[in-house]
Novice: 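So that we are looking at the same thing, I have put the structure below in structure tokens.
Being a predicted model, the structure only gives us computed values, none of them experimental.
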Amino acid sequence: MSTRRWSSVSRHILFGIVLQLVIYSVVSTWWFGLNMWIGILLSIALVIGIRCLIAISGFLIFRGFRPEHEQRISLSVGQIVEMIVREISASIKLFFFYHPFEALLNEHDATAPIAKTQGAPVLFVHGFYANAGFWLQYKRYLSNRGMSALYTMNLDPPIHDIDEHAGQLAQRITEVCSHAGRQKIVLVAHSMGGLVCRAYVARYGGRYVDKLITIGCPHHGTILARLLPGRNMQQMHPGNRWLKELNARQEALILSTYISVHDNIVVSRDSAQLPGAREVVFNGIGHLSMAFSPEVQQAVLDDVN
């Protein structure tokens, strides 16, 4: 099986955090004349604050681009505040802990022999500019409930063609099937990872896939993809040729799509829907909060058993 290593995302995030802290600290102490320790504290607060603003901005964009025909599911003021706080918390935990230190926190795959009574192994596939750290809580949740055949992977580099990521997934599926002694696996994918899995099935077929579960996947793209560079971002532009060709295919496998009505990244909700797929709808859960939602984790457990 693959050994643990620092993914590109881990290195990028750590370098970015250090660089921002150095720049902000130098500016605050040399330019504004602040005490060094006060400058460092303000720099830390600024880095975290920017992360919080990014999380909140998604909800504002979501409200502005929600289609008129979409069903409105209202939340109380308290529920809205709770949802935003959870999304900010998820963003901070992922980008300052789970993602940068994934190589230290994640075993990447099951190491013990897989019992014959164990069902199909589960391979988790992360989304854009993330890594296997996204799935740490899922692995803990499922393992505490008797599942041991749990595997992850890192898609590298982060700004890459989705079809190339599908090739990496094909290699990882071969590894997992060999290690687990199984001919089929369950794919659980978040965000862009769902498109990677579907691109894999389109290119290699689904003979090794028992079922596919996508969580917050932009099956028809998202307008937020226009804000970032990269080939995979272009492939997630709504209405682009690559997506149209992918969606014109019929996947010959069991497919479930988990949708949050209040997803702040997959804009609009229509984009997460996929004809023919079993649809599971959640309310009051942001895009990154899906990494820590017991409600979504329980749905995955029910689906893979």
Novice: Tell me, do Leu224 and Leu227 make a side-chain contact under 4.5 Å, heavy atoms counted?
Specialist: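 The answer is yes; the side chains approach within 4.5 Å.
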
Novice: Test your reading of the model: is there a side-chain donor-acceptor pair from His262 to the backbone of Gly284, 3.5 Å cut-off?
Specialist: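 Here the side-chain-to-backbone pair exists.
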
Novice: Below 4.5 Å, heavy atoms only, C-beta onward: do Phe124 and Tyr138 meet side chain to side chain?
Specialist: yes

Novice: With His287, which residues qualify under ring pair (Phe, Tyr, Trp, His ring centres under 6.0 Å), at least two apart?
Specialist: His190

Novice: Determine whether Val125 and Trp135 make a side-chain contact, defined as any pair of heavy atoms from C-beta on separated by less than 4.5 Å.
Specialist: no

Novice: Are any side-chain N or O atoms of Lys211 and backbone N or O atoms of Val304, one a donor and one an acceptor, separated by less than 3.5 Å?
Specialist: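 Side chain of Lys211 to backbone of Val304, a donor-acceptor pair under 3.5 Å: no, none is there.
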
Novice: Less than 3.5 Å apart, which donor and acceptor atoms pair up between the side chains of residues 10-18 and the rest of the protein, not counting sequence neighbours?
Specialist:
{"from": "Ser10", "atom 1": "OG", "to": "Ser7", "atom 2": "OG", "distance (Å)": "3.2"}
{"from": "Ser10", "atom 1": "OG", "to": "His99", "atom 2": "O", "distance (Å)": "2.7"}
{"from": "Ser10", "atom 1": "OG", "to": "Asn131", "atom 2": "ND2", "distance (Å)": "3.1"}
{"from": "Arg11", "atom 1": "NH1", "to": "Trp6", "atom 2": "O", "distance (Å)": "2.6"}
{"from": "Arg11", "atom 1": "NH2", "to": "Ser8", "atom 2": "OG", "distance (Å)": "3.4"}
{"from": "His12", "atom 1": "ND1", "to": "Ser8", "atom 2": "O", "distance (Å)": "3.4"}
{"from": "His12", "atom 1": "ND1", "to": "Tyr129", "atom 2": "OH", "distance (Å)": "3.2"}

Novice: Using only atom types and a distance under 3.5 Å, with no angle test, would you say the side chain of Asn232 pairs donor to acceptor with the backbone of Pro158?
Specialist: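 Indeed, once roles are kept as given, a pair shorter than 3.5 Å links the two residues.
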
Novice: Within the distance-only criterion (no hydrogens, no angle test), does the side chain of Asn264 pair as donor or acceptor with the backbone N or O of Gly286 below 3.5 angstrom?
Specialist: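 No; zero donor-acceptor contacts below 3.5 Å.
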
Novice: Can we call the ring centroids of His165 and Tyr200 under 6.0 Å apart?
Specialist: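 Aromatic pair excluded; centres sit 6.0 Å or further apart.
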
Novice: Taking side chain as C-beta onward, heavy atoms only, is Val280 less than 4.5 Å from Ile259?
Specialist: no

Novice: Taking Leu53 as the starting point, is it possible to reach Tyr24 by hopping between hydrophobic residues whose side chains are less than 4.5 Å apart?
Specialist: no

Novice: Would you check if Met192 and Val196 make a side-chain contact, meaning some heavy-atom pair closer than 4.5 Å?
Specialist: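 Met192 vs Val196: side chains touch.
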
Novice: Answer yes or no on whether Lys93 is positioned over the face of Phe292, meaning its NZ or CZ is under 6.0 Å from the six-membered ring centre and within 45° of the axis.
Specialist: yes

Novice: Does any part of the side chain of Ile23, heavy atoms only, come nearer than 4.5 Å to the side chain of Gln20, both counted from C-beta?
Specialist: no

Novice: Show, in sequence, the C-alpha distance, side-chain angles and deciding distance for Tyr258 and Phe282, and conclude whether the ring pair (Phe, Tyr, Trp, His ring centres under 6.0 Å) test is met.
Specialist: CA-CA 7 Å; Tyr258 294 3; Phe282 301 92; 5.8 Å; yes

Novice: Out of curiosity, Thr152 OG1 to Leu136 CG, how far, rounded to the nearest 0.5 Å?
Specialist: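 The distance works out to 8.0 Å.
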
Novice: Please check if Met83 and Val85 belong to a single hydrophobic cluster, counting links between Ile, Leu, Val, Met, Phe, Trp and Tyr side chain heavy atoms closer than 4.5 Å.
Specialist: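 Result: no, two separate clusters.
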
Novice: Return yes if some donor-acceptor pair links the side-chain N/O of Arg207 with the main-chain N/O of Tyr204 below 3.5 Å, else return no.
Specialist: yes

Novice: Quick check: does any side chain N or O of Glu87 sit under 3.5 Å from a backbone N or O of Ser289, one acting as donor and the other as acceptor?
Specialist: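 Indeed, once roles are kept as given, a pair shorter than 3.5 Å links the two residues.
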
Novice: Could you state the interatomic distance from CG (Leu243) to NE2 (His219), rounded to the nearest 0.5 Å?
Specialist: 10.5 Å

Novice: Would you say the side-chain atoms of Ser28 pair up with the backbone N or O of Ile38, donor to acceptor, closer than 3.5 Å?
Specialist: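 Not at all, since once roles are kept as given, no pair shorter than 3.5 Å links the two residues.
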
Novice: Check this for me, if you would: do Asp303 and Arg278 make a salt bridge, where the nitrogen-to-carboxylate-oxygen distance has to be below 4.0 angstrom?
Specialist: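 Yes.
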
Novice: Taking Thr222 for the side chain and Ala225 for the main chain, is one N or O donor matched with an acceptor at less than 3.5 Å?
Specialist: no

Novice: Does Ser143 reach the main-chain N or O of Arg140 with its side chain, forming a donor-acceptor pair under 3.5 Å?
Specialist: yes

Novice: Using a cut-off of 6.0 Å, state whether more than 12 heavy atoms not belonging to Tyr141 lie near its atom OH.
Specialist: yes

Novice: Answer yes or no: is there an ion pair linking Arg249 with Glu245, defined by an N-O contact shorter than 4.0 Å?
Specialist: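 No, no charged N to carboxylate O under 4.0 Å.
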
Novice: Taking the side chain as every heavy atom from C-beta outward, state whether Cys217 and Leu195 have any atom pair closer than 4.5 Å.
Specialist: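 Yes, side chains in contact.
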
Novice: Does Leu123 reach the side chain of Val186, with side-chain heavy atoms less than 4.5 Å apart?
Specialist: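 Leu123 vs Val186: side chains apart.
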
Novice: How many angstroms lie between atom CD1 of Ile213 and atom OG of Ser256, to the nearest 0.5 angstrom?
Specialist: 5.5 Å

Novice: Mind running side chain to side chain donor-acceptor pair (under 3.5 Å) on Arg5 and Asn154 for me, showing each step along the way?
Specialist: CA-CA 10 Å; Arg5 66 182 182 87; Asn154 285 324; over 6 Å; no

Novice: With no hydrogens and no angle check, is any side-chain donor or acceptor of Ser43 less than 3.5 Å from a backbone partner on Ser25?
Specialist: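 It does hold such a pair.
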
